[in-house]
Protein chains: 2
Amino acid sequence: MKRPDMSDPAPRAGLAPTGATPRRGRPRGGSGLTREKVLQTALTLVDRDGTEALSMRKLATVLGVDAMSLYHHVANKDAVLDGVAELFLAAIEPPGPTGDWREDVRALAAAFRHAAVQHPRAAPLVLTRQLKSNQGLAGTESALAILHAAGFPPEEAVHALRSVLAFLVGTLLREVSSGPTFSGQNLGGLAGRRADLKDSGFPHVAWAAPHLAACHHLTEFNFGLELLVAALEQRLSPRRAPSPRAGPRTRKAR
Amino acid sequence: MKRPDMSDPAPRAGLAPTGATPRRGRPRGGSGLTREKVLQTALTLVDRDGTEALSMRKLATVLGVDAMSLYHHVANKDAVLDGVAELFLAAIEPPGPTGDWREDVRALAAAFRHAAVQHPRAAPLVLTRQLKSNQGLAGTESALAILHAAGFPPEEAVHALRSVLAFLVGTLLREVSSGPTFSGQNLGGLAGRRADLKDSGFPHVAWAAPHLAACHHLTEFNFGLELLVAALEQRLSPRRAPSPRAGPRTRKAR
DNA sequence: GACGTAATTCTACGCTGTAGGTATTGTCAA
DNA sequence: TTGACAATACCTACAGCGTAGAATTACGTC
């Protein structure tokens with residue numbers, strides 16, 4: 001416990017895919033518990049009951065193990081949550097380049113959203129805590145490759161990446177926090193909410209009440225993303241009208 | 001406790017500014033504890049130690065009171081956090097209209113950011129949980145008034161509002177979560193981080209390493225906001241070149 | 001069999017949110 | 001003045017939490 005790291009013989013970053021016997025010839029001193037099993041079970045538990053309901057004791061019970069046994073595979077509860085977040089990120093597979101950087105941006109954003117919608121209760125772990133792992137770097141690499149191919153200089157590419165990422169975090173946080181939905185549209189008292197907004201005493205809120213009462217998350221996602229893509233496109237070629245053809249400096253790299 | 005609401009004789013939304021004796025002639029059955037005192041103390045406590053360090057017992061101790069006494073003024077701990085979030089929102093004063101909707105959007109966003117930077121540890125309460133209070137409606141009203149004056153139809157105004165808000169949530173969450181900063185720039189191992197990124201094995205990460213290693217939050221904030229403003233402007237007048245003059249249908253309402 | 005070692009379990013501590021009960025206090029009706 | 005009533009506060013207690021530290025178990029190697 002003094003040195004929570006380095007109980008693993010392979011200190012390379014990242015996580016081994018399977019098995020990973022902790023040491024060469026000592027596979028089962030106990031019940032075959034592994035870091036991967038712990039984190040995978042934690043993910044399913046978070047998916048079912050939410051982040052706040054996760055406790056080391058419950059996790060251990062599900063694994064058929066004493067709570068303290070977990071601490072031989074993870075440093076503490078925070079490390080479990082970090083591990084779940086990494087598991088989440090690892091499930092994202094960045095799509096390949098299409099030649100149109102706008103399409104590539106859309107596809108990468110969609111992949112991110114897909115993962116969040118797939119694990120709505122685990123998503124806040126990734127969206128709200130800053131991760132220390134290298135797992136996030138893969139996504140960063142994909143995004144920067146797209147922006148580089150589009151012709152952005154490195155500084156602007158980083159700014160663009162951070163802008164889009166901030167938007168993604170915000171929208172997805174809203175989407176996964178808005179409880180269970182049906183066909184992307186919030187149910188339950190929609191008409192009542194519209195009436196409340198109309199009577200709120202705020203004139204512009206009343207003016208937009210029909211559209212404020214509901215929130216179709218995919219539509220909002222696409223709207224904001226298209227705003228950012230359009231603005232980036234405009235920034236790339238400030239003089240030209242936006243045409244569906246390739247941008248000016250495309251295919252500069254690859 | 002069965003009916004946690006309506007212990008207040010004035011069920012109008014919002015919170016009375018001061019005093020607010022719960023009933024006409026029964027001001028002090030005990031130590032003069034009030035909901036406002038509880039929430040204000042909770043805010044200062046959160047500002048000092050963070051959200052996770054807040055407990056009902058510590059809060060009560062600071063107030064010189066037993067923990068259970070708090071439950072006569074708030075329903076439970078979650079209500080305390082909601083109240084702190086409302087206090088946070090109430091501190092935002094939306095700037096008045098300037099006649100240029102782009103300036104108004106910038107000013108409103110800046111006011112939001114100002115509040116977040118002022119209370120970095122309380123900000124996640126507002127950014128991550130969806131609020132049920134009417135307090136947030138004031139900000140919504142301001143934003144919609146700006147977008148309405150700019151000439152957006154209601155549906156598009158809501159989309160625009162949600163896009164900008166999502167971006168704000170994302171950036172500010174990043175800014176307040178990135179620990180203490182000095183002059184907006186992260187200190188501590190900056191050179192080391194740049195070296196790590198260069199050696200990460202990801203070519204584009206290495207390409208942009210100098211700009212990835214640091215994060216000047218205000219610059220990122222302005223960059224993304226300008227992207228969105230430019231895109232909205234383009235959307236308002238798709239045919240015209242963006243001119244510094246007023247937009248097309250300005251001064252339609254006030 | 002003996003030993004070293006890693007994995008696991010057991011025990012315990014201080015902390016949490018809050019349900020339930022009781023005591024104190026201020027206001028009003030009689 | 002007195003009794004009823006409601007609001008406020010405190011006390012006790014419970015189930016649960018993360019995890020430090022000691023004890024136990026099970027294995028591979030002599």
Side-chain angles (χ1 to χ4, degrees), chain A residues 1-10 19-38 41-42 45-46 49-84, chain B residues 1-10 19-38 41-42 45-46 49-84:
Chain A
M1 199 60 65
K2 269 64 181 293
R3 300 174 297 127
D5 49 344
M6 298 302 148
S7 78
D8 197 314
T21 57
R23 203 137 218 161
R24 185 165 48 80
R26 207 161 307 142
R28 39 182 43 255
S31 64
L33 203 58
T34 65
R35 180 182 141 91
E36 280 69 35
K37 275 189 199 171
V38 171
T41 306
L45 226 55
V46 167
D49 303 329
T51 316
E52 308 194 342
L54 182 73
S55 80
M56 298 299 273
R57 286 172 151 99
K58 286 181 195 167
L59 180 52
T61 300
V62 170
L63 284 162
V65 137
D66 185 89
M68 294 312 290
S69 300
L70 303 176
Y71 287 85
H72 277 259
H73 304 274
V74 294
N76 50 34
K77 186 183 180 182
D78 229 52
V80 173
L81 296 178
D82 280 345
V84 171
Chain B
M1 200 60 66
K2 269 64 183 292
R3 298 174 299 126
D5 50 343
M6 298 304 148
S7 78
D8 196 315
T21 57
R23 203 135 218 162
R24 185 165 48 80
R26 207 161 308 142
R28 39 180 43 255
S31 65
L33 202 60
T34 65
R35 180 182 141 91
E36 279 69 35
K37 276 189 199 170
V38 171
T41 307
L45 226 56
V46 167
D49 303 329
T51 316
E52 307 195 341
L54 181 73
S55 80
M56 300 298 274
R57 287 172 150 99
K58 287 182 195 166
L59 180 52
T61 300
V62 170
L63 284 161
V65 135
D66 185 89
M68 295 312 290
S69 301
L70 303 176
Y71 287 86
H72 279 257
H73 304 273
V74 294
N76 49 36
K77 187 184 180 182
D78 229 53
V80 173
L81 296 178
D82 280 345
V84 171

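Here is the naming used below: chain letters follow the sequence lines, and residue numbers restart at 1 for every chain. What you see is a predicted model; the values in this text were computed from it and never measured.
You'll find that the side chain of B/Lys77 is closest to C/dG17, out of C/dC10, C/dG17, D/dT12. The side chain of B/His73 approaches D/dA9 more closely than any other nucleotide in the set D/dA9, C/dT18, D/dA20. If you check D/dG18, D/dA9, C/dT9 against the side chain of A/Ser55, the one that comes closest is D/dG18. Side-chain proximity of B/Leu33 to C/dT9, D/dG18, D/dA9: nearest is D/dA9. Ranking D/dG18, D/dA13, C/dT9 by closeness to the A/Met56 side chain, first place goes to D/dG18.
The main-chain N or O of A/Met56 is never found under 3.5 Å from a side-chain atom of A/Lys77 such that the two would form a donor-acceptor pair. In this structure, the side chain of B/Lys37 does not engage the main chain of B/Leu63 through any donor-acceptor pair within 3.5 Å.
The only member of A/Thr41, A/Thr51, A/Val80, A/Leu59 that meets side-chain contact (heavy atoms from CB on, under 4.5 Å) when paired with A/Val46 is A/Thr51.
A donor and an acceptor atom never sit less than 3.5 Å apart when one is taken from the side chain of A/Arg57 and the other from the base of D/dG16. The base of D/dA9 sits within donor-acceptor range of the side chain of B/His72, with an N or O pair under 3.5 Å.
Going from atom CZ of B/Arg35 over to atom CG of B/Leu70 covers 12.5 Å, rounded to the nearest 0.5 Å.
OP1 and OP2 of C/dA7 both lie 4.0 Å or more from every side-chain N or O belonging to A/Ser69.
Distance A/Met68 CE to D/dG21 C1': 9 Å, rounded to the nearest Å.
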